[in-house]
Amino acid sequence: MSRIRSDFEKDIRFLTVYAERKAGTHPAKTSAKQAITVKHNMARAMSRHFARCPECG
């Protein structure tokens, strides 16, 4: 579970930092939107994990 979360958080951090560094540009806006999408995907993956894992759920 922690591996799943750390992988997603690494991607979110990368996208967010890029968006902040290049603020106001089209690629930065796209990166910010992708960070939000990755957050949703992380929530979905964590939810599936809790539903299926006998240790966590």
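Note that the SG atom of C56 and the CE atom of M1 stand 5.5 Å from one another [nearest 0.5 Å]. The NE2 atom of H49 sits 8.0 Å away from atom CD of E55, with the distance rounded to the nearest 0.5 Å.
By the side-chain contact (heavy atoms from CB on, under 4.5 Å) test, K10 is found to be paired with no residue, residues two or more places apart in sequence or in another chain being considered. In terms of the salt bridge (charged side-chain N to carboxylate O under 4.0 Å, His left out) criterion, residue partners of D7 (sequence neighbours excluded) are, by chain and number, R3. In this structure, the side-chain contact (heavy atoms from CB on, under 4.5 Å) partners of R44, at least two apart in sequence or on a different chain, are H40, N41, R48. Residues that satisfy the side-chain contact (heavy atoms from CB on, under 4.5 Å) test with S47, not counting sequence neighbours, are absent from this structure. Every residue two or more places apart in sequence or in another chain that forms a salt bridge (charged side-chain N to carboxylate O under 4.0 Å, His left out) with R5 is listed here: E9.
Criterion: ILVMFWY side-chain heavy atoms under 4.5 Å apart, direct or through other members. Under it, I12 and V17 are not part of a common hydrophobic cluster.
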Exercise answer: donor-acceptor pairs, residues 29-39 side-chain atoms, under 3.5 Å, sequence neighbours excluded:
{"unit_1": "T30", "atom_1": "OG1", "unit_2": "H26", "atom_2": "O", "d": "3.1"}
{"unit_1": "S31", "atom_1": "OG", "unit_2": "L15", "atom_2": "O", "d": "2.8"}
{"unit_1": "T37", "atom_1": "OG1", "unit_2": "K33", "atom_2": "O", "d": "3.1"}

